[in-house]
Asker: 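Below are the structure tokens for one structure; questions will follow.
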Amino acid sequence: MGKFDWFWNAMGAKSAKHEKQSRKIVDQAQRQAADFASLSDAELRERASAAITSGGEITDKSTFLAALATASSRKLGLAPFDVQAQAVLRLISGDVIHMATGEGKTLVGAMAATGLALSGKRVHVVTVNDYLARRDADWMRPLVESFGLQVAAVTESMDTQQRRQAYEADVVYAPVKELGFDVLRDNQITERAQAVFRQAEVALVDEADSVLVDEALVPLVLAGSRPDQAADARVTSVVATLREERHYTIDSDGRNVFLTDDGAASVEKQLGIDSLYSDEHIGTTLVRVNLALHAKALLIRDIHYVIVDGELKLIDTSKGRIADLQRWPDGLQAAVEEKEGLKVTEGGRILDTLTIQELMRRYPQLCGMTGTAVEATDQLREFYGLYVSEIAPNKPVQRFDEADRVYATITEKNHALVEEIVLLHTQGQPVLIGTQDVAESEQLAETLASRGISAQVLNAKNDAEEAAIVAEAGLPGRVTVSTQMAGRGTDIKLGGTDGAHYEDVKEAGGLAVLGTTRHRSSRLDNQLRGRAGRQGDPGLSLFFVSLEDDVVVSGGAGESVEAQPDEHGRIDSGRIVDFIAHCQRVTEAQLLEIHSQTWKYNKLLADQREIIDERRASLLDTDKAWAELSEYEPQRADELHAAGFSEDILVAASREIMLYHLDLAWADHLEHMDDVRESIHLRAIARETPIDEYHRIAVREFKEIVRRGVEAARKSFREVTIDASGAHLADEGLARPSATWTYMVSDNPLAGSGNSALSGIGNLFR
Ligand code: ADP
Ligand code: MG
């Protein structure tokens, strides 16, 4: 540690001295790698293992890097650049590396993961989608395996057994949502052998700012059928009044339904709430509304369900037959029943939820990589205690970032945008346009079509297909329209994937990236810019902004600005550019504030979950449940002993009873605290802030639910039939959900887009 490292650390940067040192190490490693070429795979493995301790400390950095680099050249045909080697060291030491798009982060991540795994740590490489998890695991497999380590990918389509096996690997590539769903599902098991997930020591997060910041507060939800819970009929009946087109729109592929602004307003009015997208409602009412809308708009009789004897039966669409015990969660079932004029049966309910931030904080060691880490320095430090290391590009950046073009109105802006696309297109330059949402993408593509340009449109619907499309976005004259999420992680080579037209496109100025507005944070702008100018290629980035854009309206609220637009509505003044930058800083600050506030509410529940988890683990792994119950209820214990049941049976039955009531209590607690949060601003009295009041209630209620859980377990222990097949909880109406579903609320309060349509529900039926 240098004397002033504390200062640089505090600044979220690393000292210059540090960098000089690491450059020396990397130089040495390059020289060593030349000698290592003659070593066998096994010898390389020995060298690398010997250079890292079981604590993950690298004792001989140059040898370690040389061994990994040699294996990379040999197995992948990629000789790591110096900057990649430097990045590997920073990752292993636990930083988030800032490394531009196209610099080869996949390899860097795999080398770091290999190193960490060699030190005996299991590593989860966290990706943003299924496609990237599979691609990267397959791509990097030869490297990781050459060190005698196992590598696997977890993806949505895998079943329990396949997942369980994948988690055994030393290095596991997995999309963040699948990790979360597996954690949630494992929190419902009643025997250890049913567990699927295996906690890793390290999470290495790709696109770290997207996962750790933008999607941090996205709740992953596990819902299940529960006989004792009625659905929220009010939401169902309100949603029943909504009309297609005016209040909601359906995706062309019929998988998602979106509320329009009109629709949201109508629901808000009918429910008598301020905003569905406010803190209080985003994770609760909005989820219910969305489920009900899903039922109304997307679930079709005889395709998704049938009606048999006045009862709703779900059809398992993959198998095409009736799924007997299945129910839809929450208001979904009730909404369909109401739509069909059936008796509304009791509904399912949310069993557990977990935010991505909570999930990622569970890893003892966290590190990550992204092209836009520096811009997320504050958030990474505040929410995860992470520091950012900036890695220089392999070749100097040649991209030209043009000053924003500002217009008075959206209409004028869009007009100018289309003209610019047409111009670049005729010059043979490939153009990639980043839009705010699917609707904007489709509108733009339509307009372009009317100008004789057929654009490729990506909407983050099918990641694999879109990766193939975006990979070709560098072809001469190609026009690609893409939302922020679509095609991420895919390299855009100038002149197309085969590079046949490289020189033509280079001549034409490289890839031009156009933004249809400035986002609510400059970090999101930079994510888009980064798609051009990889590895020293020429390129252009240019944003079109209007004074009617979200970022200006919400960031500049209450401020006035003097502007003199020309006849095309363009305002060409430095002052206006400054003003827009100012508006963006305001919205950035707002987002950070929302994040901090929301996290304050979540944090307490996260801590309480840890207590529950610990309790769950000890109930699963020991005979504690039986010990406690037989101590509380000695008479019943004697009775069971007298009946001649083996210790194993009694332990298992007690465990089942205890876990059932613990899980029920926790689900009740989550639901209750949701309600408290909705009304906390009303409850908080003058002398207390809402958050303090919330904390007070949460702590009190938590103690209460734990107590109630034990009490209910004692009652069940006394009353429920116990025999060789276990505890017959179902006979007393205490069955666990017969089916569970996972989904994520894919929009969230931190979403960059001001268009507040809540995306549909993914992964609903598994
Ligand atoms: P990033 O994730 O940083 O945007 P990728 O990992 O997708 O970048 O890699 C971008 C491209 O660079 C890929 O085509 C990859 O094969 C290539 N690449 C990575 N490292 C090297 C290397 N050391 N030498 C040559 N090509 C490399
Ligand atoms: Mg990448």
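Counting from 1, the numbers follow the sequence of the chain as shown. Order of listing sets the numbers, starting from 1, for every ligand and every atom in it.
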Asker: Return each pair, listed once, that meets side chain to side chain donor-acceptor pair (under 3.5 Å) where at least one residue sits in residues 71-82; pairs must be two or more places apart or across chains.
Answerer: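 Sorted result for residues 71-82: Gln30-Asp82, Asp41-Arg74, Asp41-Lys75.
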
Asker: Would you say Leu220 and Ile356 make side-chain contact, with heavy atoms under 4.5 Å?
Answerer: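 The answer is yes; the side chains approach within 4.5 Å.
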
Asker: Given a heavy-atom cut-off of 4.0 Å, could you list the residues near ligand 1 in chain and number order?
Answerer: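 Protein residues near ligand 1 are Leu78, Ala79, Pro80, Phe81, Gln84, Ala100, Thr101, Gly102, Glu103, Gly104, Lys105, Thr106, Trp139, Asp491, Lys493, Arg534.
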
Asker: Taking only residues two or more places apart in sequence, or in another chain, which ones meet Asp138 in a salt bridge (Lys or Arg N to Asp or Glu O under 4.0 Å)?
Answerer: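 By the salt bridge (Lys or Arg N to Asp or Glu O under 4.0 Å) rule, Asp138 matches Arg141.
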
Asker: Mind listing the side-chain donor-acceptor pairs of residues 538-545 below 3.5 Å, one per line with the distance, residues two or more places apart or on another chain?
Answerer:
unit_1	atom_1	unit_2	atom_2	d
Ser541	OG	Asp401	OD1	2.6
Ser541	OG	Arg529	NH1	2.8

Asker: Can you say whether the rings of Phe383 and His595 are parallel (under 30°), tilted (30 to 60°) or perpendicular (over 60°)?
Answerer: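 If you compare the ring of Phe383 with that of His595, the planes turn out parallel.
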
Asker: Is it true that the NZ or CZ of Arg47 lies under 6.0 Å from the centre of Phe36's six-membered ring and within 45 degrees of the ring axis?
Answerer: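 Judged by the rule (NZ or CZ under 6.0 Å from the ring centre, within 45° of its axis), Arg47 counts as positioned above Phe36.
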
